[in-house]
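If you're wondering where the values come from, they're calculated on a predicted model, not measured in any experiment.
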Amino acid sequence: MKTKIIKKIFLLSVFISLFSVNNYGQSQIDSLLNLAKYEIGKLSFRTAGNYLNEVEKIDSLNNTALYLRSEMKLLLGDTEFIELLDELNIRDAKEYYHVMKLKYSAFIGLSESESLLERYLLDYPDNGEIKFIQWLLELDKGNYEISMLTAKEISNQTMFRFAPYLALFNVSWDKNYDNTIPYMDSVEQILGREFYGSKYIDILKIISSNEIVDYGAGKVEMPFAWCGSGIGFYMIDEKGDSLKIEIDTGTAFNMMTVHDKPVGEKISGEDVLVVENGISYNYMEKPADLLYKKSNFSVPPINNFIFGYFESEFFKADGCTSPFVFQNRALHIDPIREKVYLFDRENMENYINENSDRIEKVPYIVRNGWMFISCKINGTEVLMQIETGSRDVNFCTIALPALGLESYACSIEWNGQDFPIDKVDCILEIGKIKYEVNGGLVSDNVFANWYYGLATAGDIGPFFMNNFAYTIDIFNQQIIFEIN
């Protein structure tokens, strides 16, 4: 009975909406929708929203307006997206609903993306947004060269014309530094303004022409260091001065930064660049100038090593680093035995062969220096980011419905005060590994969201990772967990 009433109300609303459209003219609506779509494609969501408001004054049930709102909300990771997606389904706006269902699945990394993509490509062979998701998923699989060749074609088929170039900009940090600059140029030309990645252009030019000299042979041990709940190591420069560095897989762009300007200044070497207001962290009141220095180190034995440093307060260590900062080296981290090693390819293969009966090998995807692995949350397969600079296992609110998770209210102590938060309980599976998550944090923020359509459902922090010795194997693009 209730369903019939809802349908009758909806049909009456449609009739009233059609009456309004006939009075004001479809051409005016189409013009406003085109303007909104153009602004969304430049990430000018406020302006686009104003145009959509005007459309809905004329036609309150305009499906294209609803679809465009859902595009904006998803890209921001806004939980209102779930309501808009449901509304598209209720209105039986099938193509729009299916496009956004696919985009949502890809955005949070559900494994069902592939089956949805296959189905919708058959149903809507000319839909440019579906083709864009197909292109993104191929790029995620490592088909970098093909994606480079088809970027322009895809750019012309999606409203987010900048997005293929932004995706390639991020992936190029792990492939070829020389390609990053023209891709960011393309992003800025389409958006008509500087983008977040613009501040890296100058250092990219320096890095692309810099030759790091690694004169360590085979396996190199680094002095182990606890960094709060995280893990790190000590680096020693050619003068004997040391740095305590946390391994933070959430550090983007394969970089290392020292969060203490005086400490960075005392390390031997020369400054090669200063970027005004070049860096900001959530614990900082305002952005700080970021200085880059080229240095030589005895531990690990490496010359021409470039790192950033700035004025801040980072209590766990002197700074933090991406695990990919040491080129052509796998990173082995053993919190149980308190050991950190760098492996060359030969030592990496020896380690795998010698421990084949007690390791779990898990392939990872890389986007701008961030790692993502496939795992199961209460049986649902999804991508999660590895974030050793975080805490336990954390989830994005927008991903909860797809994972069948319900959050509960709780609180957390921070700087002596209690703050209200939401938590979830679930079972995390990575290959043969099972882990019970009790009180995983839930956040409205979407982890690893670069505003081009791929993010993640959450992240896996050091409380989980510290249960294992693990290796970030760059040669085979996998994380290797030692299991008993």
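A salt bridge is defined here as a Lys NZ or Arg NE, NH1 or NH2 lying under 4.0 Å from an Asp or Glu carboxylate O, and E221 with K339 meets this definition. Salt bridge absent: K175 and E145 never bring a charged side-chain N and a carboxylate O closer than 4.0 Å. A salt bridge links R329 to D214: one of the charged nitrogens lies within less than 4.0 Å of a carboxylate oxygen. Between K376 and E381, none of the side-chain N atoms (NZ, or NE/NH1/NH2) sits under 4.0 Å from a carboxylate O, so this pair counts as no salt bridge. Between E112 and K101 there is no salt bridge, since none of the side-chain N atoms of the basic residue sits less than 4.0 Å from a carboxylate O of the acidic one. Under a 4.0 Å N-O distance rule, the pair K103/E71 qualifies as a salt bridge.
Using bins of under 30°, 30° to 60° and over 60° for the plane-to-plane angle, the ring pair F310/H259 lands in the tilted bin. In this pair, F481 and F468 present their aromatic rings perpendicular. The plane angle is above 60°, beyond the 30 to 60° band. Ring planes of F343 and Y351: tilted class, angle from 30 to 60°. Below 30°, between 30° and 60°, or above 60°: for W135 and F132 the angle between ring planes is below 30°, a parallel geometry. Ring geometry, F297 versus F305: the interplanar angle exceeds 60°, so the pair is classed perpendicular (tilted spans 30 to 60°).
Residues N170 and Y165 bring no donor and acceptor atom of their side chains to less than 3.5 Å of each other.
Residue pairs meeting the ring pair (Phe, Tyr, Trp, His ring centres under 6.0 Å) criterion with at least one member in residues 390-411, sequence neighbours excluded, do not occur.
Listed for the S298 side chain is a donor-acceptor partner under 3.5 Å among the backbone atoms of I236. Judged by distance alone, with hydrogens and angles left aside, the side-chain atoms of S411 form no donor-acceptor pair with the main-chain N or O of P420 at under 3.5 Å.
Across L204, N179, N368, a single residue satisfies side chain to side chain contact (heavy atoms under 4.5 Å, CB included) together with F169, and that is L204. Each of L102, T380, L116 was checked for a side chain to side chain contact (heavy atoms under 4.5 Å, CB included) with L110, and the lone residue meeting it is T380.
Taking the centre and axis of the six-membered ring of F372, the NZ or CZ atom of R367 falls inside the cone set by 45° and 6.0 Å. Note that K42 lies outside the cation-pi zone of F162, set by a 6.0 Å cut-off to the ring centre and a 45° limit from the axis.
Other residues, nucleotides and ligands contribute only 12 or fewer heavy atoms inside 6.0 Å of the NZ atom of K261.
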Go through it in stages, so that I can follow the logic: the residues are Y183 and L166, the test is side-chain contact (heavy atoms from CB on, under 4.5 Å), and I'd like the CA-CA distance, side-chain angles, deciding distance and then a yes or no.
CA-CA 7 Å; Y183 286 136; L166 180 57; over 6 Å; no
